[in-house]
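Notes follow the structure.
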Amino acid sequence: MQTFSASLRDAGISAELANTLNALAIAGKDINFRLQQGSIGGVLGSAGNENVQGETQKKLDVISNDLLKEILLGCGSVRAIASEEEDSYVAGPDSGQYLVNFDPLDGSSNIDINAMVGTIFSIYPFNGGELSEQSFLQKGRDQVAAGYILYGPSTMLVLSTGNGVQMYTLDPAIGEFVLTVEQVSIDADTKEFAINMSNQRFWAEPMQQYITDLLQGSEGPRGKNFNMRWVAAMVGDVHRVLCRGGLFTYPWDNREPGKAGKLRLMYEANPMSLLIEQAGGESWTDKERILDIQPTAIHQRVPVILGSASEVKNCLKYHGIDG
Ligand code: AFP
């Protein structure tokens with residue numbers, strides 16, 4: 001089976017981008033090792049601080065963030081990074097050609113119950129000039145690569161460099177990711193959806209109506225029964241959608257009306273949208289295609305509706321969008 005670095009070479013990925021992707025794979029293997037140690041490594045539990053988003057950091061959020069930062073900024077190809085766990089971007093060497101955004105450990109509330117978590121990453125070109133937050137504010141469609149490392153029963157690296165989506169599995173015998181799925185394709189239709197139902201009373205009317213119709217199953221307007229899943233780690237939910245289709249949404253809700261949504265555009269929505277679109281799916285807010293959004297801040301939040309193309313379109317119709 002082909003190793004990750006060999007498959008990047010065969011795909012004609014530039015040396016600088018391959019170097020950045022290999023750095024992410026190395027960091028992922030290190031994070032994986034620490035997660036597998038669990039309680040033995042003394043890395044579970046809270047770090048006792050809050051991040052810039054006001055969320056309590058887990059020890060492993062901090063460890064994963066520091067590992068990624070150190071490895072990426074030391075690899076020579078990265079001009080700067082922005083992380084969900086950092087207040088602002090962090091600069092690397094002037095020679096670096098890429099900007100890397102990441103969520104070091106998505107779904108970190110799952111750590112303490114030994115459930116799925118992941119590292120999400122998104123790579124943009126550094127377009128020159130003076131480095132500032134503005135350098136990061138590029139549309140999702142300008143990503144040169146995006147993906148995630150999923151720490152589940154097996155550890156997987158899922159990647160798009162704009163030429164479909166490939167899945168790699170960590171082979172513990174050789175300590176390398178090997179290519180296990182050459183081209184991911186999401187079915188247009190589905191009978192599965194993912195949403196945190198406990199927020200139902202806070203959603204806007206169109207989402208209320210859409211989910212109500214799904215729940216009526218074969219007796220309702222959709223004429224078929226739907227099943228529901230919720231991993232509480234977007235990385236796990238998106239992985240399921242890439243593997244067997246489905247609709248995933250974290251909609252706007254009125255718990256904090258000033259916030260546009262819960263999920264972060266730069267660290268979660270954009271990279272996942274590139275993967276979903278590259279696998280034939282759709283990814284939208286309740287108004288626009290996510291990859292077309294002009295970001296205004298690195299920690300910006302957005303509502304997300306993504307997955308099987310026909311089902312996303314069904315949901316968007318309730319929001320007055322006929323795609
Ligand atoms: P954490 O990484 O802070 O645990 O948040 C994960 C996440 O941003 C996303 O991965 C999940 O889909 C979503 O939050 C789960 O949110 P709820 O806890 O509100 O269901």
Side-chain angles (χ1 to χ4, degrees), residues 28 31 34-35 43-65 67-68 82-87 101-122 146-152 156 158 192-204 207 211 228-242 246-257 259-273 275-276 283-286 290 298-307:
I31 295 168
R34 285 155 200 263
L35 281 164
V43 291
L44 302 190
S46 165
N49 336 311
E50 280 191 353
N51 65 13
V52 63
Q53 339 263 344
E55 298 158 342
T56 306
Q57 289 179 308
K58 302 275 183 192
K59 283 184 198 160
L60 270 165
D61 282 324
V62 177
I63 292 168
S64 307
N65 185 61
L67 266 171
L68 282 156
S83 161
E84 188 183 308
E85 303 297 342
E86 299 279 342
D87 295 358
N101 302 325
F102 55 83
D103 178 351
L105 214 49
D106 177 58
S108 53
S109 68
N110 279 354
I111 295 170
D112 294 337
I113 59 159
N114 199 17
M116 245 187 237
V117 287
T119 297
I120 309 175
F121 58 88
S122 158
Y148 58 81
I149 301 161
L150 177 72
Y151 313 105
M156 297 189 72
V158 178
E192 203 159 63
F193 69 99
I195 191 166
N196 184 338
M197 283 295 299
S198 67
N199 297 325
Q200 179 166 23
R201 67 192 184 284
F202 305 116
W203 302 332
M207 191 54 82
I211 298 291
M228 202 202 88
R229 290 285 181 267
W230 190 246
V231 179
M234 185 190 196
V235 71
D237 282 307
V238 168
H239 190 69
R240 187 189 56 255
V241 169
L242 287 170
L247 178 133
F248 165 88
T249 179
Y250 208 113
W252 173 87
D253 65 53
N254 66 14
R255 284 174 296 172
E256 291 179 76
K259 273 192 189 164
K262 173 166 186 189
L263 302 181
R264 272 63 43 139
L265 176 63
M266 310 298 277
Y267 316 114
E268 292 166 319
N270 269 338
M272 294 313 201
S273 298
L275 293 171
I276 292 290
S283 188
W284 290 66
T285 69
D286 47 16
I290 288 178
I298 55 172
H299 295 303
Q300 184 173 346
R301 293 171 190 260
V302 284
V304 173
I305 305 167
L306 62 75

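Remember, it's 1-based here, ligands and their atoms both numbered in the order they're listed.
Without hydrogens or angle criteria, W252 side chain to K259 main chain gives a donor-acceptor distance under 3.5 Å. With H299 contributing its side chain and E86 its backbone, the two residues share a donor-acceptor pair below 3.5 Å. In terms of modelled atom types and a separation under 3.5 Å, the side chain of R301 and the main chain of K262 share a donor-acceptor contact.
Atoms of ligand 1 lying under 4.0 Å from at least one heavy atom of M234, given by number and element, are 9 (C), 10 (O), 11 (C), 12 (O). Counting atoms of ligand 1 from 1 in the listed order, those under 4.0 Å from a heavy atom of R264 are 8 (O). Each of the atoms 1 (P), 2 (O), 4 (O), 6 (C) of ligand 1 lies under 4.0 Å from some heavy atom of G107.
Side-chain atoms of D103 and Y148 include no donor-acceptor pair closer than 3.5 Å.
In this structure, of R255, E268, K262, M272, the residue bringing a heavy atom nearest to atom 13 (C) of ligand 1 is K262.
Residue L263 touches ligand 1 through its side chain alone, judged by heavy-atom distances below 4.0 Å. By the criterion of a heavy-atom distance under 4.0 Å, the side chain of N196, and not its backbone, is placed next to ligand 1. Of the heavy atoms in A233, only backbone atoms (N, CA, C, O) come closer than 4.0 Å to ligand 1.
Going from atom CD1 of I276 over to atom CG of L242 covers 4.5 Å, rounded to the nearest 0.5 Å. A distance of 6.5 Å separates OG of S83 from OH of Y267, quoted to the nearest 0.5 Å.
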